[in-house]
Amino acid sequence: MLRHVGRALAGFALLIVSFIAVGGLMSAAGHPVPRGTMVDIGEGRSLRLVCEGPRGDRPVVWLEAGAFGFAADWGATQEALSAAGWRSCAYDRAGMGFSPPGPAPRDGLAIVADFEKLVAASGEPGPFILVGHSMAGLRLRQYAGRNPDKVAGLVLVDAATADASETEAFKPFIRVFTTASRWAARGASIGLYKPLVYTSLGDKIGLPPAAKAEKRWAFANGPHNRTAAAEVAAWSQSAEQAVAVPAYDPNWPVAVVTAGPVKGREKRKAMQAAPAERSRRGYVDHVEAASHTRLLGETFAGHIVRAVEFVAGV
């Protein structure tokens with residue numbers, strides 16, 4: 001009897017140790033100890049910034065996450081970029097991940113203005129290669145239009161485009177995604193997702209351990225999810241703001257990397273590829289085996305590295 005109890009306790013202890021090993025170091029506040037640093041962007045506000053890789057003559061790669069995403073989403077990509085000799089920076093938008101909240105509304109103007117302040121405060125030299133995933137396609141268009149002197153090239157990773165977002169065909173998706181995002185925020189706010197953080201739902205990307213711990217924590221975090229839902233609710237306004245600035249300069253190299261098969265998605269793939277097709281030096285890579293999220297993970301991050309190298313002319 002005692003032997004069985006002892007084995008049960010040992011097994012339980014091993015399970016706890018495994019959870020800690022997977023989850024990473026936890027702070028007293030109950031979340032992983034965040035990587036990177038907090039950067040003062042003025043007016044008493046700060047944003048979490050994670051820069052990795054060697055400094056050198058190559059352009060710095062700035063990574064903008066999509067809806068519900070933050071610096072952790074780029075953990076595998078940053079490791080792959082560093083291994084290839086690139087310096088990259090990812091960050092948490094205001095109210096997302098480990099960054100304190102910012103003033104409402106969280107539309108494109110607010111997000112891009114924060115990003116401009118962060119880039120200036122970071123001390124990283126430009127011009128930059130800008131990489132955006134999913135909804136971040138709107139941010140890249142707006143930042144590039146407002147700061148053309150800061151752009152060395154762009155990489156759109158299964159990204160939405162501002163032009164497509166303005167079409168009638170795209171608007172039903174925005175409405176459905178907005179509703180789903182509100183429900184996701186409510187679920188996280190009442191603790192519905194906490195039992196699921198160590199399932200595949202906690203990290204659908206395929207991240208290395210430290211970034212995985214951050215992603216799992218954010219998956220169940222109420223404030224993070226509520227801010228994300230507010231950003232999604234502002235999708236249409238953000239798209240309008242993005243198309244109001246100049247389009248990409250055709251002289252900028254643009255790489256497009258998409259996820260999933262082309263067959264049956266020809267119109268969607270064509271809309272995504274359009275920025276590369278309009279560039280005088282464009283590149284399109286359809287990664288058929290990847291999903292929208294796993295395209296950023298350890299299995300497929302090499303495709304993003306190759307896109308960055310194309311844009312840089314390496």
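Because only heavy atoms are used, hydrogens play no part in the values below, and waters and symmetry mates are left out as well, while side chains stay in.
Under a 4.0 Å N-O distance rule, the pair K212/D203 qualifies as a salt bridge. Ionic pairing of D57 and R87 is not present here: no N-O contact between side-chain nitrogen and carboxylate oxygen is shorter than 4.0 angstrom. Using a 4.0 Å cut-off between charged side-chain N and carboxylate O, R45 and D40 make no salt bridge. Salt bridge present: R48 and E214 bring a charged side-chain N and a carboxylate O closer than 4.0 Å. Ion pair R106/D114 flagged as a salt bridge, since at least one NZ, NE, NH1 or NH2 atom sits closer than 4.0 Å to an Asp/Glu carboxylate oxygen. Taking 4.0 Å as the cut-off between side-chain N and carboxylate O, E64 and R93 count as a salt-bridged pair.
A donor-acceptor distance shorter than 3.5 angstrom exists from the side chain of T293 to the backbone of K204, with no hydrogens or angles considered. Looking only at distances, a side-chain donor or acceptor of S122 sits under 3.5 Å from a matching main-chain atom of V119. Of the possible polar contacts, one joining the R281 side chain to the V311 backbone as a donor-acceptor pair under 3.5 Å is found. Using modelled atom types, one side-chain atom of D107 and one backbone atom of A110 make a donor-acceptor pair closer than 3.5 Å. Of the possible donor and acceptor atoms, none in the side chain of D73 sits under 3.5 Å from a partner among the backbone N and O of A65. Remark: side-chain polar atoms of S99 are not paired, donor with acceptor, to backbone N or O of L47 under 3.5 angstrom. No donor-acceptor pair closer than 3.5 Å links the side chain of S279 to the backbone N or O of P275. Between the H292 side chain and the S134 main chain, no donor and acceptor come within less than 3.5 Å of each other. Listed for the K269 side chain is a donor-acceptor partner under 3.5 Å among the backbone atoms of G260. Proximity of a side-chain donor or acceptor of D158 to a complementary backbone N or O of A259 within less than 3.5 Å is detected.
Annotation: E43, atom CD; neighbour count of heavy atoms from other residues, nucleotides and ligands within 6.0 Å does not exceed 12. Other residues, nucleotides and ligands contribute more than 12 heavy atoms inside 6.0 Å of the NZ atom of K171.
Counting only N and O atoms by type, the side chains of S88 and Q78 include a donor and acceptor under 3.5 Å apart.
Note that CD1 of I205 is 10.0 Å distant from CG of L295, once rounded to the nearest 0.5 Å. The line from CE of M38 to OG of S46 is 3.5 Å long, rounded to the nearest 0.5 Å.
Within the 4.5 Å cutoff, the side chain of T199 has no heavy atoms near those of the V197 side chain. Here the side chains of L156 and Y248 are in contact, with some heavy-atom distance below 4.5 Å. Using a 4.5 Å heavy-atom threshold, the side chains of R139 and S238 count as touching. Here the side chains of D149 and P127 are not in contact, with every heavy-atom distance at 4.5 Å or above. For the pair Y91 and C51, the minimum side-chain heavy-atom distance is 4.5 Å or more. Looking at heavy atoms from C-beta onward, P148 lies in side-chain contact with W252 at the 4.5 angstrom threshold. Inter-residue side-chain proximity for I129 and V60 is flagged as unmet; no heavy-atom pair is nearer than 4.5 Å. At least one side-chain heavy atom of W74 sits under 4.5 Å from a side-chain heavy atom of T77.
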Report task. Decide yes or no on side chain to side chain donor-acceptor pair (under 3.5 Å) for T161 and R141, but give the supporting numbers first. Result -> CA-CA 8 Å; T161 65; R141 167 70 182 270; over 6 Å; no
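A ring-centre distance under 6.0 Å is not found for H224 and F68. Aromatic rings from F115 and W62 are positioned such that their centres are separated by under 6.0 Å.
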